[in-house]
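In what follows, chains carry the letters A, B, and so on, assigned in the order in which the sequence lines appear, proteins first and then strands, with residues in each chain numbered from 1.
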There are 2 protein chains.
Amino acid sequence: MLSKKCKYAIHALIYLAERKDKGPVHIQEIADKQHIPKKFLEGILLELRNAKVLHSKKGKGGGYYLHKRPEDVSLVEVIRLMDGAIAMLPCVSLNYYEKCEECRDEKTCGIRDAFVDVRDETLRILSRSTLAQILKRQKELK
Amino acid sequence: MLSKKCKYAIHALIYLAERKDKGPVHIQEIADKQHIPKKFLEGILLELRNAKVLHSKKGKGGGYYLHKRPEDVSLVEVIRLMDGAIAMLPCVSLNYYEKCEECRDEKTCGIRDAFVDVRDETLRILSRSTLAQILKRQKELK
DNA sequence: ATAAAATCTATAGAATTTATAGACTATAAG
DNA sequence: CTTATAGTCTATAAATTCTATAGATTTTAT
């Protein structure tokens with residue numbers, strides 16, 4: 001399951017994607033509109049900024065705005081930043097690999113295959129799901 | 001990520017699948033061989049028994065053994081029993097559905113689609129991964 | 001009767017997630 | 001050049017979930 005942090009991040013990003021080219025948006029505004037605790041959101045936006053997904057402007061008239069293009073921000077990227085690995089087992093993760101304590105031998109482990117497949121399918125689907133794609137879909141549904 | 005509980009369960013089940021038709025196996029033996037804390041394993045096996053995946057026999061000469069056939073126990077079932085939903089969002093779960101607090105309106109939510117797809121692919125892959133299938137794969141790899 | 005082994009209830013410890021507080025820094029605007 | 005605004009940073013608290021353990025009870029084979 002995605003953490004709240006991750007869901008908050010996704011909603012905040014969609015909000016910012018809808019308002020791109022309209023200048024910086026205050027944390028407070030995002031927090032209010034998306035019902036996210038402001039201080040919690042602060043940390044989230046900061047991480048997204050450090051990852052170059054967002055830019056920020058300090059001082060009066062400041063706020064956050066998208067740095068990358070909406071079509072270049074996928075759910076994969078957001079989930080990895082917020083929650084870490086996409087894979088269901090550490091020993092199968094591409095970006096957060098760790099040896100399984102439980103597994104005696106990775107080479108002869110009969111379990112990994114299935115989880116490799118799940119990982120690959122998940123990555124495939126979540127990579128093509130970008131902010132641009134989500135906005136488009138939202139409009140279609142209205 | 002799967003919980004330790006879930007990984008323990010999978011390993012215990014594989015161990016029992018390898019020993020099926022050889023009579024009940026003690027908790028202690030499974031715990032020793034799979035390096036699982038015995039008391040923790042107790043609870044896991046009990047849940048699997050309540051779910052009719054395992055049977056148990058009390059008293060001397062007792063222990064746990066498979067109730068279902070190895071080809072009828074899939075990773076989906078085990079994961080659902082131990083960790084709950086397969087889906088990455090509650091509002092997309094088939095067996096553990098819950099409304100998203102974050103979503104204002106499920107009908108016009110542009111995010112859900114991707115996660116429905118992920119869920120379906122994951123289910124497809126993990127359903128065909130049964131204890132029998134895993135044992136077979138293990139032998140091939142040796 | 002006795003010993004072996006699962007069952008049940010309760011709880012403790014650890015880790016992670018979620019949320020909050022307050023001081024600090026940068027910037028725009030008058 | 002002061003003031004108000006808004007992001008940044010560090011620390012910590014509260015809540016929840018995950019992992020592990022303890023001890024008493026029940027069942028069964030011998």
Side-chain angles (χ1 to χ4, degrees), chain A residues 1-12 16 23-32 34-67 79 81-85 88 90 96 98 100-102, chain B residues 1-12 16 23-32 34-67 79 81-85 88 90 96 98 100-102:
Chain A
M1 282 278 171
L2 299 186
S3 66
K4 281 205 168 188
K5 185 182 175 192
C6 189
K7 291 189 227 170
Y8 288 158
I10 294 170
H11 285 289
L16 288 175
V25 183
H26 306 163
I27 296 182
Q28 191 63 64
E29 179 184 338
I30 307 174
D32 290 345
Q34 300 295 315
H35 307 99
I36 305 173
K38 187 192 165 209
K39 280 289 185 177
F40 195 25
L41 180 58
E42 250 183 54
I44 293 169
L45 296 179
L46 218 41
E47 278 187 65
L48 290 170
R49 179 182 154 279
N50 293 336
K52 318 276 186 212
V53 175
L54 298 179
H55 257 171
S56 62
K57 208 181 155 196
K58 279 187 168 186
K60 198 168 184 179
Y64 279 97
Y65 52 98
L66 276 186
H67 177 45
I79 295 172
L81 284 170
M82 296 296 121
D83 287 356
M88 297 179 87
Y96 298 83
E98 269 177 70
C100 274
E101 311 163 48
E102 290 81 15
Chain B
M1 284 278 171
L2 298 186
S3 66
K4 281 205 168 187
K5 186 181 174 192
C6 189
K7 291 189 225 171
Y8 288 158
I10 294 171
H11 285 288
L16 288 175
V25 183
H26 305 163
I27 296 182
Q28 191 63 64
E29 179 184 338
I30 307 173
D32 290 345
Q34 301 295 314
H35 307 99
I36 305 173
K38 189 193 164 204
K39 279 290 186 176
F40 195 23
L41 180 59
E42 248 183 59
I44 292 168
L45 296 179
L46 218 42
E47 278 186 66
L48 291 170
R49 180 183 153 280
N50 292 336
K52 316 277 186 210
V53 174
L54 298 179
H55 257 170
S56 63
K57 207 182 155 195
K58 278 188 169 185
K60 201 169 184 179
Y64 278 96
Y65 51 98
L66 276 185
H67 177 45
I79 295 172
L81 284 170
M82 296 295 121
D83 287 356
M88 298 179 87
Y96 297 83
E98 268 177 69
C100 274
E101 311 163 46
E102 291 81 16

*Asks:* Between C:dT20, D:dA6, D:dT19, which nucleotide gets closest to the side-chain atoms of B:Lys4?
*Replies:*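 Selected nucleotide: D:dT19.
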*Asks:* Is the backbone of B:Ser3 close enough, under 3.5 Å, to the side chain of B:Asp83 for a donor and an acceptor to pair up by distance?
*Replies:* yes
*Asks:* Could you state the NZ-P distance from A:Lys7 to C:dT17, rounded to the nearest angstrom?
*Replies:*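 Those two atoms, NZ and P, are 14 Å apart.
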*Asks:* Mind checking A:Lys38 for me? I need base, sugar-phosphate or nothing, with any heavy atom below 4.0 Å counting as a touch.
*Replies:*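 Nothing, no heavy atom under 4.0 Å.
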*Asks:* Kindly say if A:Ser3 contacts the phosphate of C:dT18, meaning a side-chain N or O under 4.0 Å from OP1 or OP2.
*Replies:* yes
*Asks:* Quick test: give all pairs of protein nitrogen or oxygen and nucleotides 27-29 of chain D nitrogen or oxygen below 3.5 Å, distance rounded to 0.1 Å.
*Replies:*
unit_1, atom_1, unit_2, atom_2, d
D:dT27, O2, B:Gly59, N, 3.4
D:dT28, O2, B:Lys60, N, 3.4

*Asks:* Please report the closest heavy-atom contact between A:Pro24 and A:Gly61, naming both atoms and the distance.
*Replies:*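 Result for this residue pair: CG-O, 3.8 Å.
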*Asks:* On DNA chain C, nearest-nucleotide positions of A:Cys6 versus A:Lys39: which is more 5'?
*Replies:*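 The residue whose closest nucleotide sits nearer the 5' end is A:Cys6.
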*Asks:* So, is B:Tyr8 near the phosphate of D:dA20, with a side-chain N or O under 4.0 Å from OP1 or OP2?
*Replies:*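 True: B:Tyr8 side-chain N/O within range (under 4.0 Å) of D:dA20 OP1/OP2.
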*Asks:* Is there a side-chain contact between B:Asp32 and B:Gln28 in this structure, where contact means two heavy atoms from C-beta onward sitting under 4.5 Å apart?
*Replies:* yes
*Asks:* Is the shortest side-chain heavy-atom distance between A:Met82 and A:Leu48 below 4.5 Å?
*Replies:*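 They are in side-chain contact.
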*Asks:* Mapping A:Gly62 and B:Pro37 to their closest nucleotides on DNA chain D, which lands nearer the 5' end?
*Replies:* A:Gly62
*Asks:* Which ones in residues 41-55 of chain B lie close to DNA chain C, meaning a heavy atom under 4.0 Å from one of its atoms?
*Replies:*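 Of all residues in residues 41-55 of chain B, the ones placing a heavy atom under 4.0 Å from DNA chain C are B:Glu42, B:Leu46, B:Arg49.
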*Asks:* Quick one, B:Glu47 and B:Leu81 - any side-chain contact, counting heavy atoms below 4.5 Å?
*Replies:* no
*Asks:* Show me the protein contacts with nucleotides 11-14 of chain C, counting only N or O atoms at under 3.5 Å.
*Replies:*
none

*Asks:* I want to check something: taking the side chain as every heavy atom from C-beta on, are B:Leu41 and B:Gln34 in contact at a cut-off of under 4.5 Å?
*Replies:*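 B:Leu41 vs B:Gln34: side chains apart.
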